[in-house]
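All remarks here apply to the structure that follows.
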Amino acid sequence: RSRRSEVAEASEAKTVLERVRELPDQTLENAMEHIHIAKCDEGPTLLSLACDNRKFIVDRQGSIQFDHDHDVYDAISGRPREYSCSLSVSSESVPPTFVRRCLDHDWFPIIVSERVFGEVRLRQRTFVAPVGGPSPDKPRWWRDRVLAIAEFTAKNRSSEAQVAAFQVLLSAAYAEDVPIICTLRQNLVYCEKAGQILAVLEVPDGSWEISAGENGSVALRAQLNPEEERGFVVFLPSWRGVQEDQLSDLLSVEEYLRDTEDYWKQVTAEGMTVEVPDSLLQSLIPASVAHCMMAARNDQGRTVAPWIAAVSYGPWESEAQAVIRGMYMMGQMDFARRSLEYFIERYNDEGYLTTGYTTVGTGWHLWTLGEYYFLSRDKEWLQRVAPCVEKVCRWVMAERSKTKRQDATGQNVPEYGLMPPGVLADWNVYSYYFCMNAHYYAGLALAGAALADIGYPGAQEILTDAEDFRE
């Protein structure tokens, strides 16, 4: 076909928007059918308080990975090693059949998993609870002490009496030559390593036969009548210098559940409220906010590191901006501001932002920062960080000037005024990218407009450069 006929056909074709408007309304069921990845159902779930550094990774069978070394869990820009501690519960003789995994109710991060061992069903409810109230000089989400709680309930499903026998196994890789000592005191089993309490097993009086074995192993045995239930609880205290007397007055699981729900209601209260008729979507929206908060880390309550992969890698300067943007669009302004400050403190001496992965995050960050300002109108905050923001803007301007040159005929080269070439995320091709330049333009324009709004000197020069960039 000729080029003329192609142009004619294109002019008569419907736009994307016109075609979308002719389609039936989207439904959640249809979206889930096309975008749900079934394999992801088998992955682990991360639990923690909001922005807290002490993370607990719960796999599909209920095993919990964590770390007792504060130098590991306080490394907020990435994990220096795999978590060295684990808790698991298994049968002494019967292999498990997995039944299901779900949230306990609504959107709260309380995970329920069920397994069947012969005729005995074991239900596990896992969550992270705050211990005590907030500190007056810290954000509302901050807590000095947290407890990971795993509540187990064994039920005989058959019409005959059954023996339920389980092994609770706690392991800790470091220090390698120091065993875990389990000591029974009344109805509590304290598990210690090198003088540090890793876990406390609570068993109701007389409900189970208890045998503390070697190196973190505790055996529980009971005969269950038909339809009878018996339970036990494992507490994983996570704070520095855990002492036995701090655990002598543990609350009931129901009290910790209530405190956990109240905590999440409080820390998400700043954001907007969304009400939709679909119950799944109604829970998905606040759950997404809670997920971003649980994935994040902090530096003693000052700034927030918005991790982009909860258990794999940390707050990269590129994709993390999408997390920040989503959170301030949901009204979570404190989270967004502290996340922006995390990156502002990491501008390098030259005036740009990178973790060594790529430089596209610099423009993306400026764009996100500018948009945050126009939603929050926090002039006092922008006045405080304006010199840092200006420095980044001027780095962009200086980099653009490097491509402003002519070819041998005196014509502007095709890349005139663009950012110099580089790599873009996982595509290891050194080149000019429209996407990268679009981020830099948006960042320069919005950050410049924000600085102009507070009357910052030199803001107009930045806006002029941004307009030249757009042209």
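Computed from a predicted structure; not experimentally measured.
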### Message
Is the terminal nitrogen or CZ of Arg346 (NZ for Lys, CZ for Arg) located under 6.0 angstrom from the six-membered ring centre of Tyr342 and within 45° of that ring's axis?
### Response
yes
### Message
Could you walk me through whether Ser86 and Ser171 satisfy the side chain to side chain donor-acceptor pair (under 3.5 Å) test, starting with their C-alpha distance in whole Å, then the side-chain angles of each, then the deciding distance to 0.1 Å, before giving a yes or no?
### Response
CA-CA 5 Å; Ser86 69; Ser171 66; 2.6 Å; yes
### Message
Once you measure the plane-to-plane angle for His70 and Tyr73, does it fall in the parallel (<30°), tilted (30-60°) or perpendicular (>60°) bin?
### Response
perpendicular
#### Entry: Worked verdict on Tyr433 versus His439 for ring-ring contact (aromatic ring centres under 6.0 Å, His included)
CA-CA 10 Å; Tyr433 290 95; His439 279 83; over 10 Å; no
### Task
Answer yes when Glu341 and Arg302 have at least one side-chain N-carboxylate O distance shorter than 4.0 Å, and no when they do not.
no
### Message
Between the side chains of Asp74 and Arg54, is the shortest nitrogen-to-carboxylate-oxygen separation below 4.0 Å, so that they form an ion pair?
### Response
no
### Message
Taking the six-membered ring for Trp, are Trp264 and Phe108 closer than 6.0 Å centroid to centroid?
### Response
no
### Query
So Phe117 and Phe166, would you call those rings parallel, tilted or perpendicular, with 30° and 60° as cut-offs?
perpendicular
### Query
If every non-hydrogen atom of Asp144 is compared with every non-hydrogen atom of Ser135, which pair is closest and at what distance?
OD2-OG, 3.8 Å
### side-chain contact (heavy atoms from CB on, under 4.5 Å) partners of Val289, counting only residues at least two apart
Thr268, Met293, Met327, Met330, Gln332
### Message
Salt bridge or not between Arg123 and Asp104? Use side-chain N to carboxylate O under 4.0 Å.
### Response
yes
### Query
For the side chain of Arg60 and the backbone of Ser113, is there at least one donor-acceptor N/O pair under 3.5 Å apart?
no
### Query
Below 4.0 angstrom, N of the basic side chain to O of the carboxylate: do Arg143 and Asp259 qualify?
no
### Message
Can you confirm whether more than 12 heavy atoms, excluding those of Asp245, are under 6.0 Å from its CG atom?
### Response
yes
#### Entry: Residues, nucleotides or ligands: over 12 heavy atoms within 6.0 Å of Glu29 CD
yes
### Query
Under a 4.0 Å N-O cut-off, is there an ion pair linking Glu371 with Arg325?
yes
### Query
Is atom CZ of Arg185 surrounded by more than 12 heavy atoms (other residues, nucleotides or ligands) closer than 6.0 Å?
yes
### Task
State whether the side chain of Arg140 and the backbone N or O of Gln266 hold a donor-acceptor pair below 3.5 Å, judged by distance alone.
yes
### Glu227, CD: over 12 other non-hydrogen atoms inside 6.0 angstrom
yes
#### Entry: Backbone N/O of Ile308 and side chain of Glu319: donor-acceptor pair under 3.5 Å
no
### Query
Are the side chain of Gln321 and the backbone of Gly361 linked by a donor-acceptor contact shorter than 3.5 Å?
no
